[in-house]
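What follows is a short report on a single structure.
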Amino acid sequence: MKDVIIIGAGPCGLSAAIECQKQGLSSLIIEKNFIVHSIYLYPVNMQFFSTTGLLEIGEVPFTSPNDKPYRHEALVYYRRAAEQHGLEIAAYEEALSVDKLEDGSFNVHTVNNKGDRQSRRAAHVVIATGYFDQPNLIGIPGEDLPKVSHYFGEAHPYTGMKVVVIGGSNSAVDAALELTRVGAEVDMVYRGASISDNIKPWVRPIFESMVQKDKIRLHLQSRVTEITPGSVMITGADGETSEMDNDFVLALTGFRPSRTLLTSAGAHMNDEQDKPHFNPSTMESNITGLYVAGVIASGRNANEVFIETGRGHGKLIADHIVSKRLSGS
C-alpha cells in the first residue's frame, strides 16, 4: 500500500509527488493518458504567459532562451523533472472511482489501455486531474458535426479554408492569428463587447492590426446559433441572424474539470460554482485523507488556478500528511 496515490500527471500532480517524496512518503501517480497531457493538447506553437521560473517544480531549473517558454520546451522540462526525481507513474491507466475503506485508507479502482482492471490501495489520495476532458459545450444544433472542434492544435489543416473561431480568450486569439498565416478566411465570433482583457500584451496589438486590416473579421456581441455542414448562423447584438459559408468551426469556449472522482469518494461540492469543499491551508476535502491539487480545486472558472499557483498545493498536502502522522491523528 502506498502512502499517497496521486491521480493526474500534470505539473501540479508531479509537484505533489515530488513534495511527498521529500517528506519520505511513498507515492504513485495514476495518469489515464501520459505525462503533462494537458500541455500536450495546447496549440503546437503556443507560448506561455508565465516565465520559466513560475513554471518550475521540485527545484529543477527550467532553462530557456525565451523569457516566456513555448509548449515544446515545457514538455521537455516536465519529462526531465519527473525523471530526475524518479517518480513512479502508471501511464495509460484511468482511475474510475475512489472508495474510502473502514480503516480510513482508500481503494482506487482503475483500468488500463489493455482493459485490465485493478484496485490500488493508499493511505491518502490526491486528485490532481486537469480540465481538458470536458469542453464547455454551447448547446446549439450542429455542434456535434465532424467539422466542429473544441481543440486547436495547429493551423496547417485549415489552409485556404473558411473557419469560424468562437471565443474571445487567448486561445481564440492565438488560433485566429495562426489561421491567417496559412491563408484561412477567419471570422471570430464572441458574445462580449470586446475580447478578453487578459489577452497577452505582446499579442493584442498584432491581433488588433489584423482586425483593422480585415484579415480577421471580428463579430462582437454575437453568437453562433446553428452550424450546418456548409454554413453557420450568426446572431448579432441587434437580434438579426445571418448565414455564412463555412468549412470548419473552432469552438474555443473553454473547459471544465470532471468532478466524478471526487463525488465517487463522497466529497461535497459547492452547487453554485461546482467547486469542491476543501481547506485551503491543507487542500484536504471534507473526506479525511482525500486532497485536491491544481485546477480541480477551482470552480467553473478553470482560470482560477494556474500552474504557478497550483504547483504549491503539493507542499501543503505533504506537510499536512506528515503533521497528522506526527500528532498520531
Side-chain angles (χ1 to χ4, degrees), residues 1-33 35-38 57 82 85 87-112 117-131 133 257-270 274-298 305 310-325 327 329:
M1 184 172 76
K2 296 289 185 183
D3 291 323
V4 187
I5 283 179
I6 298 158
I7 303 174
C12 299
L14 298 178
S15 178
I18 292 169
E19 293 300 332
C20 287
Q21 185 184 76
K22 287 180 181 178
Q23 297 276 21
L25 302 170
S26 63
S27 68
L28 168 69
I29 301 175
I30 297 174
E31 168 56 54
K32 73 174 183 178
N33 293 295
I35 185 171
V36 291
H37 179 253
S38 58
I57 60 173
H85 283 278
L87 301 182
E88 185 179 354
I89 303 174
Y92 297 101
E93 184 172 335
E94 181 178 4
L96 301 175
S97 62
V98 178
D99 293 340
K100 182 76 178 281
L101 303 178
E102 290 185 3
D103 65 359
S105 65
F106 295 87
N107 261 345
V108 180
H109 303 284
T110 72
V111 60
N112 64 20
R117 292 176 178 265
Q118 63 178 311
S119 293
R120 294 185 178 273
R121 188 106 174 265
H124 308 84
V125 170
V126 178
I127 297 182
T129 48
Y131 63 98
D133 291 331
S258 171
R259 316 296 186 186
T260 304
L261 291 174
L262 283 169
T263 55
S264 74
H268 294 162
M269 310 296 294
N270 179 319
D274 199 23
K275 184 175 183 176
H277 289 279
F278 65 92
N279 183 336
S281 64
T282 65
M283 306 307 294
E284 189 175 37
S285 72
N286 62 288
I287 302 296
T288 302
L290 180 69
Y291 299 83
V292 293
V295 73
I296 193 71
S298 70
V305 176
R311 63 180 180 161
H313 293 167
K315 187 176 188 312
L316 298 176
I317 293 168
D319 286 348
H320 187 242
I321 292 173
V322 170
S323 69
K324 287 196 299 182
R325 287 191 169 184
S327 65
S329 60

Tell me the closest heavy-atom pair linking [X] and [Y], and the distance in Å.
X: I287; Y: G266; value: CD1-O, 3.7 Å
X: A297; Y: V292; value: CB-CG2, 4.0 Å
X: A267; Y: L290; value: CB-CD2, 4.2 Å
X: A293; Y: V126; value: CB-CG1, 3.9 Å

Do I317 and H124 come within less than 4.5 Å of each other through their side chains, counting heavy atoms only?
->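 The answer is no; the side chains never approach within 4.5 Å.
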Can you find a heavy atom in the side chain of E93 that is under 4.5 Å from one in the side chain of Q118?
->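 E93 vs Q118: side chains touch.
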Sequence neighbours left out, what passes side-chain contact (heavy atoms from CB on, under 4.5 Å) with S105? Give chain and number order.
->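 Applying side-chain contact (heavy atoms from CB on, under 4.5 Å) to S105 gives M1, L101, D103, R121.
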side-chain contact (heavy atoms from CB on, under 4.5 Å) partners of H109, counting only residues at least two apart =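 Here the qualifying residues are S97, D99, N107, S119.
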Partner residues of S38 under the side-chain hydrogen bond (donor to acceptor under 3.5 Å, both in side chains) criterion, sequence neighbours left out =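 S38 satisfies side-chain hydrogen bond (donor to acceptor under 3.5 Å, both in side chains) with no residue once adjacent residues are dropped.
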Kindly write out the residues that satisfy side-chain hydrogen bond (donor to acceptor under 3.5 Å, both in side chains) with K100, not counting sequence neighbours, or none if the list is empty.
->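 Here no residue qualifies.
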Measure from the side-chain N and O atoms of E31 to the backbone N and O of N33, and report whether any donor-acceptor pair falls under 3.5 Å.
->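 Here the side-chain-to-backbone pair exists.
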Which residues satisfy the ring-ring contact (aromatic ring centres under 6.0 Å, His included) test with Y291, sequence neighbours excluded?
->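 Partners of Y291 by the ring-ring contact (aromatic ring centres under 6.0 Å, His included) criterion, ordered by chain and then number, come out as H320.
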From K275 atom NZ to L262 atom CG, the distance as rounded to the nearest 0.5 Å |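 Reported value, rounded in 0.5 Å steps: 13.0 Å.
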Of all pairs that satisfy salt bridge (Lys or Arg N to Asp or Glu O under 4.0 Å), the ones with a partner from residues 281-290, not counting sequence neighbours =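 Matches after skipping sequence neighbours: E284-K324.
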Side-chain atoms of residues 2-10: list all donor-acceptor pairs with protein atoms under 3.5 Å, sequence neighbours left out, distances to 0.1 Å.
from : atom 1 : to   : atom 2 : distance (Å)
K2   : NZ     : E88  : OE1    : 2.8
D3   : OD1    : R325 : NH2    : 2.6
D3   : OD2    : S26  : N      : 2.8
D3   : OD2    : S26  : OG     : 3.2

For residues 13-24, dump all side-chain donor-acceptor pairs below 3.5 Å to protein atoms at least two apart in sequence or in another chain.
from : atom 1 : to   : atom 2 : distance (Å)
S15  : OG     : R311 : O      : 2.7
Q21  : OE1    : H85  : ND1    : 3.3
Q21  : NE2    : H85  : O      : 2.6
Q23  : NE2    : D319 : OD1    : 2.5

